[in-house]
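Atoms considered below: every heavy atom in the structure, side chains included; atoms not considered: hydrogens, waters and symmetry mates. So you know, we letter chains A, B, ... as the sequences are listed, proteins then strands, and number each from 1.
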2 protein chains.
Amino acid sequence: MPVKIERLAIIGLGLIGSSIARAVKARGLAATIVACDASDFVRARVSELRLADVVTADAADAVREADLVISCIPVGGNGALSQAIGPHLKPGAIVTDVGSVKGAVLRDMAPHLPEHVHFIPGHPIAGAETSGPDAGFAELFDNRWTILTPPEGADEAAITLLRSFWESMGALVEIMTTDHHDLVLAITSHLPHLIAYNIVGTAADLEAVTQSEVIKFSAGGFRDFTRIAASDPTMWRDVFLTNKDAVLEMLGRFNEDLAALQRMIRWGDGDGLHDLFTRTRSIRKGIVALGQETAEPDFGRRKSAASAPEVQDKAILTK
Amino acid sequence: MPVKIERLAIIGLGLIGSSIARAVKARGLAATIVACDASDFVRARVSELRLADVVTADAADAVREADLVISCIPVGGNGALSQAIGPHLKPGAIVTDVGSVKGAVLRDMAPHLPEHVHFIPGHPIAGAETSGPDAGFAELFDNRWTILTPPEGADEAAITLLRSFWESMGALVEIMTTDHHDLVLAITSHLPHLIAYNIVGTAADLEAVTQSEVIKFSAGGFRDFTRIAASDPTMWRDVFLTNKDAVLEMLGRFNEDLAALQRMIRWGDGDGLHDLFTRTRSIRKGIVALGQETAEPDFGRRKSAASAPEVQDKAILTK
């Protein structure tokens, strides 16, 4: 049964925050939506798009009387935010967030939140390379997992309510510890972003191959990496600063494996290469079978080709 | 004006070879299509799909009387192939290929080809993670670049004809040296594949994070890499064995940059991270502007979501 929140406060109306607002509105999950954002531009767009019933720049105002408060700001800002809202939270309110790192969020927020609220960090594994209030959409969480990381001793009723809230938006919910979350996400999300940012940076810095050649011939594989490397810089800076240990651990393993692969290439170990390249195929099959990825070749890009611009922008090709 | 080839021989009817057959048939670019493949299964499928007028297992037979011969086999097999077909080629025939590496193809094939044919290596920068005669489609080369690498002194009329052939299939054609091709592709295609194979391998080998968790939470970025890492193992083994020097050069640069990035994370250099993450955004804009990528968020995956299987395969979640 879908939950019904009396008063919902969303802090930060970017891709995730505005998607929550849209999903809640579309499914009637809250009587009143309060949207809070520090940016004049974002608040103006939120009003124009009619994403909320109340729009404010003041976080203390936003959370007063709210039954559920969701922080949707880059994780680095959560310490200051909880300091600002702590004294104004209503007894019994649930406070949660959507950050990609959970250990740091718990560490930064918990000390500033009063005993009389239920703090349950969360993280929807959903997103896109786009940012801002215009980028969101109501179906973003459909059939995607949201992980909740309730601290030890958290109120069961509050956990159940928050779980139902996410499920009502179409999400699948899993519960785990903050440490395990940060390790899982380090490999499934943070390291992939790090690698993508890095290879795009490497390509941009070459002298022997021009940037226009990298762009023209990107369909051979490179372009896939550029999507991830177009993600929000502030959000990702904060992720790497706050999940440092787990990311460095996974990066260390990646580097060891890459050194072994490099050696196979240098010494012409064709069997070793073929073995690895065969083994990696099965993981994708699992992802497709689980509905976490389209089964169509090339991400089904071809269906979107009609909307792609024609090749006429020759200006970009000048070297 | 579209070209018209009298007799076209395609050796190897995988994704690329079968896509050429389909494109040629759909646009009427050849009077007769001869398909040659060593696999009984592939030949049977080619006959069932009516991709060619003549189907044979014998490469010497296939190229006799052919005006244009296209090798579409993994690059490692081209030496043996050219040895087999060399004595049977018709004077004035054009011989080309579609391999991802051009230096090795020139080195392996040229010595076995008679003086009286025109050998012009080629490479369409198009593909998908799927393989085999059923995976191909006539529009694969539409608005994608094909690179030709004619050896010094190659016949201009033959180059023009081959260029027209590719353009008639919808491709954009660029001409460059084999060395430059191999360097450009090392960064735009080979290194991305190497990195993708590597990270998927790293994820598969973890103990602290189960494979089912990697699969479930892959929407955070990891799944993008699994597409590339599902590419044909034999083709890619050959690429890394035959373009070793350029790949190791690009890998060296990637590693240097990654070490610098690792250091930024370890020492908490937020500004350095933010700078890199901002710089990498512009390259994707260029790729989208040039029509080499869909402009839609998330590769436009959501449009294909209807065809994705429902989340019901719980068996895959057993740990």
Query raised in the report: Judged by modelled atom types alone, do H274(A) and T234(B) share a side-chain donor-acceptor pair under 3.5 Å?
Result: yes
Query raised in the report: Looking at D298(B) and R227(A), does any basic side-chain N land under 4.0 Å from a carboxylate oxygen?
Result: yes
Query raised in the report: Looking at H190(B), K244(B), H181(B), which one forms a side-chain contact (heavy atoms from CB on, under 4.5 Å) with V101(B)?
Result: H190(B)
Query - Contacting moiety of T130(A), where chain B heavy atoms sit under 4.5 Å - result: side chain
Query - Residue part contacting chain A, namely of F225(B), when any heavy atom lies under 4.5 Å - result: side chain
Query raised in the report: Measuring heavy-atom distances to chain A, does H193(B) have an atom under 4.5 Å in its side chain, in its backbone, in both, or in neither?
Result: side chain
Requested in this report: Let me know if S100(B) has heavy atoms under 4.5 Å from chain A in its side chain, its backbone, both or neither.
Outcome: neither
**Report entry** Heavy-atom check, side chain of I147(A) versus side chain of I125(A), under 4.5 Å
**Finding:** yes
Report summary line: If you tally heavy-atom pairs under 4.5 Å between each of D269(B), V247(B), D245(B), L194(B) and chain A, the highest tally belongs to L194(B)
Requested in this report: Heavy-atom pairs under 4.5 Å with chain A are the metric here; pick the option from L241(B), D275(B), L273(B), D238(B) that has the most.
Outcome: L241(B)
**Report entry** Within-4.5 Å side-chain heavy-atom neighbours: R144(B) and L172(B)
**Finding:** no
Query raised in the report: chain B: which of G268(A), S189(A), P233(A) shares the most heavy-atom pairs with it under 4.5 Å?
Result: P233(A)
Report summary line: Note: vs chain B, highest number of non-hydrogen pairs under 4.5 angstrom among T278(A), I199(A), I228(A) is I199(A)
Report task. Using non-hydrogen atoms and a 4.5 Å limit, figure out which bit of Q211(B) sits close to chain A: side chain, backbone, both or neither. Result -> side chain
Requested in this report: Answer yes or no: is there a side-chain heavy-atom contact under 4.5 Å between L140(A) and I16(A)?
Outcome: yes
Query - Salt bridge R253(A)-D205(B), side-chain N to carboxylate O under 4.0 Å - result: no
Requested in this report: Tell me, for H180(B) versus chain A, whether the close heavy atoms (under 4.5 Å) come from the side chain, the backbone, both or neither.
Outcome: side chain
Requested in this report: Identify which part of L251(B) has an atom lying under 4.5 Å from any heavy atom of chain A, answering side chain, backbone, both or neither.
Outcome: side chain
Query - Geometric cation-pi criterion, R22(B) with F137(B): 6.0 Å, 45° - result: no
Query raised in the report: Could you walk me through whether S218(B) and R223(B) pass the side chain to side chain donor-acceptor pair (under 3.5 Å) check?
Result: CA-CA 5 Å; S218(B) 62; R223(B) 63 177 174 164; 5.6 Å; no
Report summary line: chain A shares the most heavy-atom pairs under 4.5 Å, among L183(B), V214(B), I195(B), with I195(B)
Report summary line: Between R284(B) and A230(A) the two heavy atoms that sit nearest each other are CD-CB, 3.9 Å
Query raised in the report: Given the options F254(B), F277(B), F240(B), which has more heavy-atom pairs under 4.5 Å with chain A than any of the others?
Result: F277(B)
Requested in this report: Sort N255(A) into side chain, backbone, both or neither according to what part of it lies under 4.5 angstrom from a heavy atom of chain B.
Outcome: side chain
Report task. Find out whether I215(A) and Q292(B) are in side-chain contact, i.e. whether some heavy atom of one side chain is under 4.5 Å from a heavy atom of the other. Result -> no
**Report entry** Contacting moiety of R279(B), where chain A heavy atoms sit under 4.5 Å
**Finding:** side chain
Query - Smallest separation among heavy atoms of M235(B) and D232(B), with atom names - result: N-OD2, 3.0 Å
Query raised in the report: Of all of V200(A), N198(A), D257(A), D224(A), which one pairs up most often with chain B through heavy atoms under 4.5 Å apart?
Result: N198(A)
Query raised in the report: Contact part of L261(B) toward chain A, heavy-atom cut-off under 4.5 Å: side chain, backbone, both or neither?
Result: side chain
**Report entry** Closest-packed option against chain B by number of heavy-atom pairs under 4.5 Å, given A260(A), A128(A), A219(A), S282(A)
**Finding:** A219(A)
Query raised in the report: I265(B), L185(B), D271(B): which one forms the most heavy-atom pairs within less than 4.5 Å of chain A?
Result: I265(B)
Requested in this report: Any chance you could measure I287(B), atom CD1, to T294(B), atom OG1, to the nearest 0.5 Å?
Outcome: 12.5 Å
Requested in this report: Determine the option with the most heavy-atom pairs under 4.5 angstrom with chain A, choosing from L191(B), V184(B), L258(B), L206(B).
Outcome: L258(B)
Query raised in the report: For the candidates A208(A), G252(A), P192(A), G221(A), which exhibits the highest count of non-hydrogen atom pairs separated by less than 4.5 Å from chain B?
Result: P192(A)
Report summary line: Turns out that what part of A126(A) lies under 4.5 Å from chain B's heavy atoms comes down to neither
